[in-house]
Number of protein chains: 2
Amino acid sequence: MPEQAAGTGHRAAPVHTHPDDVALLTALSALADPVRIQLVRELAAQPDWTLSCSNFDVPVGRAAKSHHFTVLRGAGLVEQRDQGPKRLNRLRREEFDARFPGLLELTLRADDLE
Amino acid sequence: MPEQAAGTGHRAAPVHTHPDDVALLTALSALADPVRIQLVRELAAQPDWTLSCSNFDVPVGRAAKSHHFTVLRGAGLVEQRDQGPKRLNRLRREEFDARFPGLLELTLRADDLE
DNA sequence: CGCACTGTATGATGGTCATCGAACATTGAG
DNA sequence: CTCAATGTTCGATGACCATCATACAGTGCG
């Protein structure tokens, strides 16, 4: 099969939560972690669907990184799509900003003293 | 002594942190707690300097409540002033909003699903 | 002074969570 | 098929934190 959608995947699709279904406390808790803040920032610095999980430069192992992505998905911050063995990521900018106006911008702002 | 300033207080003054000196992670962590969110909301619903700590209706004991106010002060969210045996509170709306635009408004917004 | 009220400080406790190592699953390439 | 690469899952561990009960310290009133 040539380029047939590349999506025959028998793999379990990642579970997503739309920002509209996310509680404020969940969103704040998701962002109240230095590793996850860094993930969101690196994600924002590259085009959508260009970064796979292993491309992020955070000081934790694969297992912890996978856990953090689960949390970010659950908070409506990240969308993931499988492509081959990789899991590509996208920051849900507009949808999240519609639910929590300003919060993402705040997170992405390069503040000193962090 | 009649109304002589009411400030002879030998009590240790509460330690405050200006929002400008607060890291994003600190602010998010402070608000990522249901009790503290409720404290901030009740505080916002009344005029400044009208609520003493014991006036807040949260389901924790005095000790825990005191702890939460310490966290809120350290995040630049609350200012406290001693008056007699009471410690009056004020939400630092403008200063906090200048440092973290939109975050306070987000917190005060009555979202369902929390 | 003695007392009620208000808030803080001090351990102690329990739960949550971030992390790791190792095992496992899936995918695509050789 | 075999292998390397990518992620997930599981169990265990350790740290952090919210909470409590208790004791303590100011404050003002009678």
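Proteins come first, then strands; the chains are lettered A, B, ... in the order of their sequence lines, and each starts at number 1. All values derive from a computational prediction rather than experimental measurement.
With rounding to whole Å, Lys86(B) atom NZ is found 23 Å from dA25(D) atom P. Spacing between atom CG of Asp33(B) and atom C1' of dT16(C) amounts to 12 Å, rounded to whole angstrom units. With rounding to whole Å, Arg73(B) atom CZ is found 10 Å from dT8(C) atom C1'. The distance from atom CG of Leu28(B) to atom P of dC17(D) is 14 Å, rounded to the nearest whole Å. Atom CG of Leu31(A) is separated from atom P of dA18(C) by 12 Å (rounded to the nearest Å). A straight line from CD of Gln38(B) to P of dA18(D) spans 15 Å, rounded to a whole angstrom. Taking atom CZ on Arg11(A) and atom C1' on dC24(C), their separation rounds to 13 Å, with Å as the unit. Taking atom NE2 on His68(A) and atom C1' on dT8(D), their separation rounds to 15 Å, with Å as the unit.
The minimum heavy-atom distance between Glu79(B) and Trp49(B), with the atom names listed, is O-CZ3, 3.7 Å. Closest approach of Arg109(B) to Arg99(A), counting heavy atoms only: NH2-O, 2.8 Å. When all heavy atoms of Leu103(B) and Leu103(A) are compared, the pair lying nearest together is CD1-CD1, 4.1 Å. Across all their heavy atoms, Cys53(B) and Gln80(B) have their closest contact at SG-NE2, 3.6 Å.
Arg62(A) CZ: 12 or fewer foreign heavy atoms inside a 6.0 Å radius.
Between Ala32(A) and Cys53(B), the one whose closest nucleotide on DNA chain C sits nearer the 5' end is Cys53(B).
In the hydrophobic clustering of ILVMFWY residues, with side-chain heavy atoms under 4.5 Å counting as a link, Val78(A) and Phe56(A) come out together.
Counting only heavy atoms from C-beta on, Arg87(B) has its side chain closest to dG7(C) among dC20(C), dT22(D), dG7(C). Each of dG26(D), dT19(C), dA21(D) was ranked by its minimum atom distance to the side chain of Val35(A); first place goes to dT19(C). With distances taken from any side-chain atom of Gln80(B) to the nucleotides dT8(D), dC20(D), dT8(C), the minimum falls on dT8(C). Picking from dT27(C), dC20(D), dA18(D) the nucleotide with the shortest atom distance to the side chain of His67(B) gives dA18(D). Counting only heavy atoms from C-beta on, Ser66(A) has its side chain closest to dT8(D) among dT8(D), dC20(D), dT8(C).
Ser52(B) has no side-chain polar atom (N or O) that falls below the 4.0 Å cut-off from OP1 or OP2 of dT6(C). The phosphate of dA5(D) (OP1 or OP2) has no side-chain N or O of Ser54(A) nearer than 4.0 angstrom. Using a 4.0 Å cut-off, no side-chain N or O of Arg62(B) falls inside it from OP1 or OP2 of dT22(D). In this model, the phosphate group of dA18(C) is approached by a side-chain N or O of Arg36(A) to a distance below 4.0 Å at OP1 or OP2.
Between the axis at the start and the axis at the end of the helix from dC1(C)-dG30(D) to dG30(C)-dC1(D) there is an angle of 10°, using five pairs per end and rounding to 10 degrees.
The side-chain heavy atoms of Arg41(A) and Leu108(A), taken from C-beta on, include a pair separated by under 4.5 Å.
In summary, of the residues considered (Leu39(B), Asn89(B), Thr17(B)), a side-chain contact (heavy atoms from CB on, under 4.5 Å) with Leu72(B) occurs for Leu39(B) alone.
Using a 4.0 Å heavy-atom distance criterion, Thr70(B) is classed as making no nucleic acid contact.
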